[in-house]
Amino acid sequence: SRVEGEGSLDESELVGTIPASGQGDGVYSTTLDVSVAFSAPGGSIGSVGTDLPGVTESYGLVLSGESISSGLNLLNGSDASLPGNAIVLVSGSGANAGKVFGVELGNVSNEVFVISVDSSTGVVTFAYSDTTNPDNIYHANTGSNDEETFLNTGEGGSLLVKQTIIDQDGDSVTSTGGVNLGNGSLLGIQDDGPVASVVDDQFSRVEGEGSLDESELVGTIPASGQGD
């Protein structure tokens with residue numbers, strides 16, 4: 001299981017942003033070490049066998065298909081009660097081979113986040129693609145302005161971190177299973193929300209502002225009372 005806070009982005013503005021809006025506790029890049037799942041008791045413990053002394057362990061991402069649902073949606077610009085366009089997972093290519101990107105369905109040029117794994121350590125990095133003004137996602141719970149919505153590929157897909165072991169004479173094996181980053185509990189994005197505050201609690205009015213006068217209006221003819 002993950003340590004609290006690992007694997008969590010926060011769409012609020014970054015700490016120290018001036019002027020700040022929202023909660024100001026943003027996190028735009030985070031890590032999650034999954035290597036322990038392949039070596040700890042209860043994990044998929046691998047072995048190099050007898051071809052010693054050399055052993056090479058490496059880690060890689062395996063997406064079960066293309067345009068796999070992430071379980072996340074963008075904001076809906078016209079209806080706040082409904083989710084916006086879906087975010088789907090696609091594999092990188094070329095210089096980005098080995099990475100997985102979250103992109104807007106039907107608009108792959110709108111890249112929301114990127115997931116990668118350090119091949120030598122098994123540390124996963126989950127980061128916004130735009131680290132200045134990232135896209136916010138839809139959070140359904142209107143009773144909280146800081147809840148976390150998790151990457152969830154559902155039953156139809158998976159995003160696995162797999163381990164490969166190579167022995168001294170070059171034989172290799174890759175784990176049949178892996179750590180599913182899309183299981184709905186490992187990689188998440190925390191909500192931001194409005195913040196209301198009184199900037200000047202010593203506020204005072206200008207004389208005459210906010211005052212009614214029950215006299216007749218100025219210029220009333222015939223006038224009675226003060227006429228102001």
Side-chain angles (χ1 to χ4, degrees), residues 2 5-15 17 21-34 59-80 82-140 146-154 156-162 178-193:
R2 70 173 190 167
E6 282 190 330
S8 294
L9 298 178
D10 190 311
E11 63 188 19
S12 304
E13 286 190 329
L14 297 174
V15 176
T17 300
S21 63
Q23 296 165 336
D25 57 352
V27 176
Y28 292 0
S29 180
T30 186
T31 59
L32 176 67
D33 187 354
V34 301
Y59 302 87
L61 290 176
V62 180
L63 185 62
S64 60
E66 286 301 309
S67 294
I68 296 295
S69 172
S70 70
L72 304 173
N73 292 75
L74 295 171
L75 293 179
N76 187 326
S78 59
D79 189 340
L82 296 174
N85 289 342
I87 299 171
V88 295
L89 302 178
V90 298
S91 299
S93 59
N96 290 315
K99 297 179 180 180
V100 171
F101 295 87
V103 300
E104 181 180 0
L105 179 64
N107 182 18
V108 295
S109 63
N110 184 19
E111 186 183 299
V112 182
F113 56 76
V114 58
I115 303 168
S116 61
V117 62
D118 188 307
S119 61
S120 61
T121 65
V123 174
V124 173
T125 297
F126 179 37
Y128 284 120
S129 298
D130 184 341
T131 56
T132 302
N133 186 28
D135 285 311
N136 286 29
I137 70 162
Y138 179 76
H139 292 82
D146 204 28
E147 83 269 22
E148 188 165 8
T149 299
F150 287 91
L151 183 74
N152 191 339
T153 55
S158 62
L159 174 58
L160 299 179
V161 178
K162 291 193 172 189
V179 177
N180 186 9
L181 299 177
N183 70 0
S185 66
L186 293 179
L187 300 181
I189 299 178
Q190 294 179 3
D191 196 9
D192 187 35

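Using a 4.5 Å heavy-atom cutoff, the side chains of Leu89 and Thr153 are in contact. In this structure, Leu61 and Lys99 have side chains that are not in contact, with every pair of non-hydrogen atoms separated by 4.5 Å or more. Side-chain atoms of Val161 and Leu181, non-hydrogen and from C-beta on, do get closer than 4.5 Å to each other. Considering only heavy atoms from C-beta on, Val90 comes within 4.5 Å of Ser67 through its side chain.
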Item to complete: Quick one: do Asn76 and Ser78 satisfy side chain to side chain donor-acceptor pair (under 3.5 Å)? Show the steps, please.
Response: CA-CA 6 Å; Asn76 187 326; Ser78 59; 3.0 Å; yes
Item to complete: Take Val34 and Leu186, measure what side-chain contact (heavy atoms from CB on, under 4.5 Å) needs, and give me the verdict at the end.
Response: CA-CA 10 Å; Val34 301; Leu186 293 179; 5.6 Å; no
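For Thr131, there are no side chain to side chain donor-acceptor pair (under 3.5 Å) partners, not counting sequence neighbours. Not counting sequence neighbours, the partners of Ser91 by the side chain to side chain donor-acceptor pair (under 3.5 Å) test are Glu66. Legend: residues meeting side chain to side chain donor-acceptor pair (under 3.5 Å) with Asn96, ordered by chain and number and at least two apart, are absent. Taking Asn152 as the reference, nothing meets the side chain to side chain contact (heavy atoms under 4.5 Å, CB included) condition, with sequence neighbours excluded. Qualifying side chain to side chain donor-acceptor pair (under 3.5 Å) partners for Ser109, counting only residues two or more places apart in sequence or in other chains: Asn107. Listed by chain and residue number, Leu72, Ile137, His139 satisfy the side chain to side chain contact (heavy atoms under 4.5 Å, CB included) test with Thr149 (two or more places apart in sequence, or in another chain).
Among all heavy-atom pairs drawn from Gln190 and Ser8, the shortest one is NE2-CB, 4.1 Å. Closest approach of Asn110 to Glu104, counting heavy atoms only: ND2-OE1, 2.8 Å.
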Could you pull out every donor-acceptor pair under 3.5 Å between side chains of residues 123-130 and any protein atom, sequence neighbours left out?
from: Ser129; atom 1: OG; to: Glu111; atom 2: OE2; distance (Å): 2.8
from: Asp130; atom 1: OD1; to: Thr132; atom 2: N; distance (Å): 2.9
from: Asp130; atom 1: OD1; to: Asn133; atom 2: N; distance (Å): 3.0

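Rounding to the nearest 0.5 Å places CD1 of Ile115 at 5.0 Å from CG of Leu151. The distance from the CG atom of Asp191 to the CG atom of Asn136 is 8.0 Å, given to the nearest 0.5 Å. In this structure, CZ on Phe101 lies 8.5 Å from OG on Ser93, to the nearest 0.5 angstrom. In this structure, the separation between CZ on Phe113 and OG1 on Thr30 is 13.5 Å, given to the nearest 0.5 Å. With values rounded to the nearest 0.5 angstrom, Tyr28 atom OH is found 10.0 Å from Leu9 atom CG. From Ile87, atom CD1 reaches atom OG of Ser69 across 9.5 Å, with rounding to the nearest 0.5 Å.
Using a distance-only test at 3.5 Å, with no hydrogens or angles considered, no donor-acceptor pair links the side chain of Asn180 to the main chain of Leu160.
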